[in-house]
K.L.:
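Handing you a structure now.
Just so we're clear, the structure is a prediction, and the values are computed from it rather than from any experiment. Labels below follow one simple rule: chain letters A, B, ... track the order of the sequence lines, proteins then strands, and each chain is numbered from 1.
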2 protein chains.
Amino acid sequence: MAVSARRGAPLSLDEIRSTALRLIDEGGVEGLSMRKLAAELDVNPMSLYHHVASKEALLARICETITVRLPLPPDDDTPWEEQLRALALSYHRHAQQHPAMWSYVHNHPEFVEDRQLPLWQALYRILRASGVPEEELRRTSEVLHAFVSGFVFAETRGHVTGAPEEIEHTFDIALDMIINGLAAR
Amino acid sequence: MAVSARRGAPLSLDEIRSTALRLIDEGGVEGLSMRKLAAELDVNPMSLYHHVASKEALLARICETITVRLPLPPDDDTPWEEQLRALALSYHRHAQQHPAMWSYVHNHPEFVEDRQLPLWQALYRILRASGVPEEELRRTSEVLHAFVSGFVFAETRGHVTGAPEEIEHTFDIALDMIINGLAAR
DNA sequence: ACCTGAACACCGTTCAAGT
DNA sequence: ACCTGAACACCGTTCAAGT
């Protein structure tokens with residue numbers, strides 16, 4: 001039987017992951033170290049490596065979990081403009097909840113590039129509804145994602161100025177530009 | 001007189017800066033360490049701190065120099081659409097020359113947020129020509145910058161797929177969307 | 001004025017050993 | 001099976017000492 005030096009339950013991947021996300025929310029990704037995480041879990045640093053191959057692998061796991069949690073607009077018959085807006089707003093809101101982790105995702109798009117992810121499937125569906133031809137879906141979705149995540153990232157970094165309502169308004173303007181640009185295609 | 005352990009000329013800020021930029025071009029910002037930089041300059045790591053307050057301060061200096069080097073479209077009477085396109089293309093080309101450093105700038109927009117910088121002055125001028133009212137200049141320029149640098153960053157991170165010509169085409173589409181979105185305002 | 005060596009307080013991770 | 005301690009190869013930076 002494993003001897004836990006700290007409490008009854010043994011260390012679990014889930015516990016590692018959620019504690020790491022909390023520390024990241026509090027102090028940024030650069031503030032997370034395997035040693036601090038272990039201390040927070042009241043465990044030897046090396047114990048973590050029994051559940052996770054490396055720090056990078058742990059961050060990849062966290063990327064997965066927050067990406068999967070992103071709420072998506074329902075597939076109903078509301079106009080595509082509204083659905084696209086809803087998707088972008090959901091992304092925005094979710095990023096504001098975990099800004100440091102979304103910055104990390106933004107810096108490591110490889111963790112989110114799988115086109116089978118619900119995020120991309122939803123975006124494809126909405127773009128099809130807007131009239132984007134099948135062979136342009138990939139390209140157009142890449143552009144839109146770059147725009148939205150670029151904006152959200154800039155906001156996270158304090159590069160969008162003004163009071164909160166003003167920033168909200170700026171985000172609306174950004175969305176209008178995207179939607180107008182798509183419609184004028 | 002200072003005793004240089006390595007050669008005739010004493011260490012200079014310029015030499016530190018250009019060598020650091022070269023190392024960053026070769027191995028990314030995360031591949032740069034003060035110790036490696038010192039080794040490359042054939043100098044004791046601590047000598048660097050006589051010319052630069054910290055690693056962060058050095059990176060800030062490098063941000064400045066590459067930002068200033070960005071070529072800007074001339075202030076002539078070509079249509080605003082063309083000038084905006086030229087500015088974005090210049091940004092794009094310049095970022096491709098120093099991708100790692102531009103990624104760093106993207107992650108640290110505070111080094112580039114001074115509105116007196118030629119980059120912003122040029123963008124303001126072009127947006128005025130496009131009919132954006134004075135009180136919307138800041139907001140609109142923030143959105144455009146977020147879009148363009150978001151796209152360029154995604155490309156740098158390999159998140160825009162396809163052969164080089166195809167990526168070029170995707171960038172064109174992105175610019176069309178921005179210009180159409182602006183024109184439809 | 002400019003440079004240096006030793007030292008401090010951190011990292012991520014390997015490896016052999018414990019239960 | 002799970003956990004640990006010591007150790008390795010790195011960091012950025014402070015500080016006192018050299019010329």
Side-chain angles (χ1 to χ4, degrees), chain A residues 1-24 26-63 100-101 103-104 107-108 110-111, chain B residues 1-24 26-63 100-101 103-104 107-108 110-111:
Chain A
M1 239 276 253
V3 172
S4 175
R6 49 182 196 122
R7 42 54 204 283
L11 200 54
S12 77
L13 175 58
D14 239 56
E15 196 183 4
I16 293 175
R17 203 162 30 186
S18 62
T19 304
L21 181 54
R22 180 167 54 76
L23 291 184
I24 289 168
E26 287 166 12
V29 174
E30 65 290 343
L32 178 77
S33 80
M34 296 301 266
R35 297 170 114 112
K36 279 190 212 161
L37 176 54
E40 187 76 14
L41 288 162
D42 197 14
V43 114
N44 184 288
M46 291 315 104
S47 301
L48 300 173
Y49 287 88
H50 217 270
H51 297 86
V52 138
S54 66
K55 184 183 183 181
E56 216 181 283
L58 170 58
L59 289 169
R61 300 266 198 171
I62 300 173
C63 284
M101 201 54 215
S103 291
Y104 186 81
N107 273 275
H108 295 271
E110 66 269 20
F111 295 139
Chain B
M1 237 278 250
V3 172
S4 175
R6 47 182 197 118
R7 37 71 206 270
L11 201 52
S12 76
L13 176 57
D14 238 56
E15 196 183 4
I16 293 174
R17 203 161 32 183
S18 62
T19 304
L21 181 55
R22 182 167 54 76
L23 290 183
I24 288 169
E26 288 166 12
V29 175
E30 65 289 344
L32 178 78
S33 80
M34 296 301 266
R35 296 170 115 111
K36 279 189 212 162
L37 175 56
E40 187 76 12
L41 288 162
D42 197 13
V43 116
N44 184 288
M46 291 316 104
S47 302
L48 300 174
Y49 287 88
H50 217 270
H51 298 86
V52 138
S54 65
K55 184 182 183 182
E56 217 181 282
L58 171 58
L59 289 169
R61 299 267 199 169
I62 300 174
C63 285
M101 201 55 215
S103 291
Y104 186 81
N107 273 275
H108 296 269
E110 65 270 21
F111 294 139

K.L.:
For residues 45-52 of chain A, dump all side-chain donor-acceptor pairs below 3.5 Å to protein atoms at least two apart in sequence or in another chain.
P.N.:
from: A:S47; atom 1: OG; to: A:N44; atom 2: O; distance (Å): 3.3
from: A:H51; atom 1: NE2; to: A:L11; atom 2: O; distance (Å): 3.0

K.L.:
Report, one line per pair, each donor and acceptor closer than 3.5 Å where one atom sits in a side chain of residues 27-39 of chain B; sequence neighbours left out.
P.N.:
from: B:S33; atom 1: OG; to: B:R35; atom 2: N; distance (Å): 3.4
from: B:S33; atom 1: OG; to: B:K36; atom 2: N; distance (Å): 3.0
from: B:K36; atom 1: NZ; to: B:G31; atom 2: O; distance (Å): 3.0

K.L.:
In whole angstrom, what separates B:E30's CD from D:dG12's P?
P.N.:
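So the two atoms are 13 Å apart, to the nearest Å.
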
K.L.:
Sequence neighbours left out, what passes salt bridge (Lys or Arg N to Asp or Glu O under 4.0 Å) with B:R61? Give chain and number order.
P.N.:
none

K.L.:
Let's see if you can work this out: which of C:dG12, C:dC3, D:dG12 has an atom nearest to the side-chain heavy atoms of A:M34?
P.N.:
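Shortest atom-to-atom distance from the side chain points to C:dG12.
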
K.L.:
In whole Å, what is the span from the CG atom of B:N44 to the P atom of C:dG5?
P.N.:
5 Å

K.L.:
What N/O pairs connect the protein and nucleotides 6-9 of chain C at under 3.5 Å? Give each pair on its own line.
P.N.:
none

K.L.:
Could you work out, with side-chain hydrogen bond (donor to acceptor under 3.5 Å, both in side chains) as the rule, every residue matching A:H108, not counting sequence neighbours?
P.N.:
A:E110

K.L.:
Please report, rounded to the nearest Å, how far the C1' atom of D:dT13 is from the CG atom of B:L37.
P.N.:
15 Å

K.L.:
Enumerate the residues from residues 50-63 of chain A whose closest heavy atom to DNA chain C is under 4.0 Å, giving them by residue number; use none for an empty result.
P.N.:
A:S54, A:K55

K.L.:
Where does DNA chain D pair, written as one dot-bracket string 5' to 3', with Watson-Crick or G-U pairs under 3.5 Å, ( ) inside the strand, [ ] for crossing pairs and | for another strand?
P.N.:
||.|||||...|||||.||

K.L.:
Indicate whether OP1 or OP2 belonging to C:dC11 is found under 4.0 Å from a side-chain N or O atom of A:S33.
P.N.:
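Indeed, a polar side-chain atom of A:S33 lies that close.
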
K.L.:
Sequence neighbours excluded, which residues qualify as side-chain contact (heavy atoms from CB on, under 4.5 Å) partners of B:A57?
P.N.:
B:A53, B:S54

K.L.:
A:R22: what forms a salt bridge (Lys or Arg N to Asp or Glu O under 4.0 Å) with it, not counting sequence neighbours?
P.N.:
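For A:R22 the salt bridge (Lys or Arg N to Asp or Glu O under 4.0 Å) partners, ignoring immediate neighbours, are A:E26, A:E40.
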
K.L.:
Take atom CG of B:L41 and atom P of C:dC2, then tell me their distance rounded to the nearest Å.
P.N.:
16 Å

K.L.:
From the options A:L58, A:L21, A:I62, select the one residue that forms a side-chain contact (heavy atoms from CB on, under 4.5 Å) with A:I16.
P.N.:
A:L58

K.L.:
B:S103: what forms a side-chain hydrogen bond (donor to acceptor under 3.5 Å, both in side chains) with it, not counting sequence neighbours?
P.N.:
B:R157

K.L.:
Can you check the A:L48 CG to C:dT14 C1' distance for me, whole Å?
P.N.:
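So the two atoms are 15 Å apart, to the nearest Å.
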
